[in-house]
There are 2 protein chains.
Amino acid sequence: MSSEHPPPSDLAERALGGANLPLLRGHNAAVLLGLLRAAGEGGVSRLELAERSGLTPQAVSKITARLREAGLAAEAGRRASTGGKPRTVLRLVPGARYAIGLHLDRDESVAVLADLAGEPVAVRRAPLDLGAGADEVLAAAADRVAEVRAAAPEAQVIGAGVACPGPLDHRTGVLHRVTGLPRWDGYPLRAALAERLGLPVVLDKDTNAAAHGLAQQADGAESFGYLHLGTGLGAGLVLGGAVHRGARTGAGEFGHQVVQLDGPRCGCGKRGCIEALCLAAVAAGDPAEAARVLGVGAANLVELLDVDRILLGGRTVLADPQAYVRGVAASLDAQLRAHGAAGARAVPVVPAPGGAQMVALGAAHLVLATLFAPPRGPFTGARAAL
Amino acid sequence: MSSEHPPPSDLAERALGGANLPLLRGHNAAVLLGLLRAAGEGGVSRLELAERSGLTPQAVSKITARLREAGLAAEAGRRASTGGKPRTVLRLVPGARYAIGLHLDRDESVAVLADLAGEPVAVRRAPLDLGAGADEVLAAAADRVAEVRAAAPEAQVIGAGVACPGPLDHRTGVLHRVTGLPRWDGYPLRAALAERLGLPVVLDKDTNAAAHGLAQQADGAESFGYLHLGTGLGAGLVLGGAVHRGARTGAGEFGHQVVQLDGPRCGCGKRGCIEALCLAAVAAGDPAEAARVLGVGAANLVELLDVDRILLGGRTVLADPQAYVRGVAASLDAQLRAHGAAGARAVPVVPAPGGAQMVALGAAHLVLATLFAPPRGPFTGARAAL
DNA sequence: GCACTTTGGCAACAGCGTTGCTTAAGTGGG
DNA sequence: CCCACTTAAGCAACGCTGTTGCCAAAGTGC
């Protein structure tokens, strides 16, 4: 089994409250790596790292020395002097580690190899029939992975992130009753892929992987909802910079919220689901109505969770992004303005960047994220005296 | 100003990612205090603390020695021997610290003094006209606080938590346009009260304070939604053991989610808000319909956030708790069963315990929480090698 | 060319949890 | 009754953390 390749998430979920010195060391290294990644190609100086992390300059020097020794960071030029010795700039070495991202969709698969900076180095798209047998799908997936994996030195690939349609259990890596694909129910996809690839694997819902990837591009502790309108209507939620999955990875069922009591019956058995209304409007050739309904649902989400932004994605949206963005924004604004109490602030609606490989890249980020800590991390330590 | 009394929340929000030894020390002390509190009157032995925290027994001995020296913990008897030296039991000393909780509602105020274990030691209820001038309200509030504060030694009261109707900004402690009370718009309530009381003050929405208090009674990282049906319909969200407030403390606007497109106009200006439908049913003497609508909204929330439980509270519910619990549970179950995809799991609907002082007690817990760390705390340290 | 400013490394240090061992305090067999 | 055994908790030495004080390096500007 994958006992020799524990999934990275286990590391993050050891989660007994106590902390010791190795943990402290790893945490601070992850914080500085996170700041280095956030700085991008411009780099950061040691003193800037000290300011942003709250560590002393001397501690930053020691930690970055270890990072440089491990090949994860390097010096890269100098800043202009401000009257004294100029600051030396440190940068992440993107080629030091790689992660694989694999998106298994109903009719195609996308595999990417991403470097430490999160940039795609190799991409591979191929048709896939997710309804076929497990062996067939796994073999095809492993082939796609092998093809992109060849672009990096074997030893520097730290794991694979896999995204597929839900529902599934993120912790155990087991699929549940994927809509329309009953034969996958209960299949331990993570363990099977980990054994086949010989790599640690993390498994997540496609919308969660997308949201996670999008969260990396925003800074720090932003909150947003990513609405995905394709063959269905789902959502990925990022709250305070982290993906919210819920206890059983079931969060994000945006499409089956009821917005019309006793409305038309939905395929799921309920009445008045927003997915049914939206898709009916799309089918009727009325994207304006679909966007209006979507905006009402987005307003419900904004008021319930107080998110900063709404991102739109999915095939239906990508067919005419501007129309959907405008339509949803108008509908959302009208709802929020009418209400007013929420401060009448504007909540931007924007298309999700990234295109067709966005989900796969987000899946790769799930693995890379185990190396970094968010710049404003949730270290709960600073308790009152004692 | 309150510069000499920084609100406890600032301690928790220093939030620069870097961690040093004093922080580590404070964190571990907070973890053990949290475990001691969770153990309650039964107490815990040092070795059990070690198992649950992940710390070594020796570290637990050192840290608990400091806690005992500070008067926060004490030895209390022994366990039965299992063949060797019997374990000595440690317990929290409830009287070591106190916190004040103050609930300012539209027509009454409730002040409580809670000890370290979270138990109310003194309670004071009195009528209040929140529509009166700020000076008058503040004077009355300060009087109520002084009355309960007298029940504890002055130096052991560590702060006051204040809950009032939203919207407000939890970070700055400033009120926004409280519905029906426009004169409070922009009032810096936290600073004013901190100065008047000479204590650190945290301010939060009433629903958030209630949810926070309820979260203490559950174990660890539970998620639930607390729905409050009174003069309005609001919610407090607890996700993974922590209250979700959103970026501007605006989260929890459950009542103004649209569940009937183009439905009847709500007081807020929108159409088909669940609050309007619910309250109309209550006014029409049809609590069954109110519960049915509430159940549909609860199902939306469960599917979007994957919470474990739904708690019901508020005056309207308290008038006939069983009827509402049954009605909401039936409606929620019907929705979830129809959908099925969520695993067809049952989500319990229960009345919120605690009664009339629940919000005030939750507000006190907001202050006490700064001393404790959750048993499965979000220490993000354990990153991969290096 | 000298004075000044700023950066970053070196060495000594205090404090953290850890390790190896000792002492305390029970149980149970002979 | 006594001794062997077991388990709990403390003591001392230790390795490692970030911190502090100091100094060399590398610029600017008069």
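Below, read A as the first sequence line, B as the second, and so on, with proteins coming before strands; counting in each chain starts at 1.
Residue pairs meeting the salt bridge (Lys or Arg N to Asp or Glu O under 4.0 Å) criterion with at least one partner in residues 39-48 of chain A, sequence neighbours excluded, are A:Arg46-A:Glu75, A:Glu48-A:Arg79, A:Glu48-A:Arg87.
Residues that satisfy the side chain to side chain contact (heavy atoms under 4.5 Å, CB included) test with A:Ala209, not counting sequence neighbours, are A:Ala163, A:Val359, A:Ala363, A:Leu366. Remark: A:Gln156 pairs with A:Tyr98, A:Pro153 by the side chain to side chain contact (heavy atoms under 4.5 Å, CB included) rule, at least two apart or across chains. With sequence neighbours excluded, the residues that form a side chain to side chain contact (heavy atoms under 4.5 Å, CB included) with B:Pro22 are B:Asn20.
Close to C:dG8, at under 4.0 Å from its OP1 or OP2, lies no side-chain N or O of A:Ser61. Between B:Asn28 and C:dC16 there is no side-chain N or O to OP1 or OP2 distance below 4.0 Å. Of the side-chain N and O atoms in B:Arg79, none sit less than 4.0 angstrom from OP1 or OP2 of D:dA8. Applying the 4.0 Å criterion to OP1 and OP2 of C:dG17, one finds that B:Thr56 has every side-chain N and O outside that range.
Side-chain N/O atoms of B:Gln58 and base N/O atoms of C:dC21 include no donor-acceptor pair closer than 3.5 Å.
Across the protein-nucleic acid pair, B:Arg25 atom CZ and D:dT19 atom P stand 15 Å apart, rounded to whole Å. With rounding to whole Å, B:Leu55 atom CG is found 15 Å from D:dA9 atom P. Rounded to whole Å, the distance from CG on B:Leu23 to C1' on C:dG15 is 14 Å. Taking atom CD on A:Glu48 and atom C1' on C:dT6, their separation rounds to 13 Å, with Å as the unit. D:dA26 atom C1' lies 14 Å from atom CD of A:Glu75, rounded to whole Å. For the pair A:Arg46 CZ and D:dA26 P, the interatomic distance rounds to 13 Å; values are reported in whole Å.
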Report each atom pair, protein N/O against N/O of nucleotides 12-14 of chain C, whose distance is under 3.5 angstrom.
none

Under 3.5 Å, N/O pairs linking protein and nucleotides 26-30 of chain C:
| unit_1 | atom_1 | unit_2 | atom_2 | d |
| --- | --- | --- | --- | --- |
| C:dG26 | OP1 | B:Arg78 | NH1 | 2.7 |
| C:dG26 | N2 | B:Gly83 | O | 3.0 |

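Side-chain proximity of B:Thr88 to D:dT19, D:dA9, D:dG18: nearest is D:dA9. Set against C:dT7, C:dG17, C:dT19, the side chain of B:Ala59 has C:dG17 as its closest nucleotide.
Within the 4.0 angstrom heavy-atom criterion, no nucleotide atom of any strand lies near B:Ser45.
In this structure, A:Leu116 and A:Leu371 have side chains that are in contact, with non-hydrogen atoms separated by less than 4.5 Å.
Put simply, the residue from B:Val31, B:Leu90, B:Ile63 that forms a side chain to side chain contact (heavy atoms under 4.5 Å, CB included) with B:Leu49 is B:Leu90.
A donor-acceptor contact shorter than 3.5 Å is absent between the side chain of B:Ser223 and the backbone of B:Leu239.
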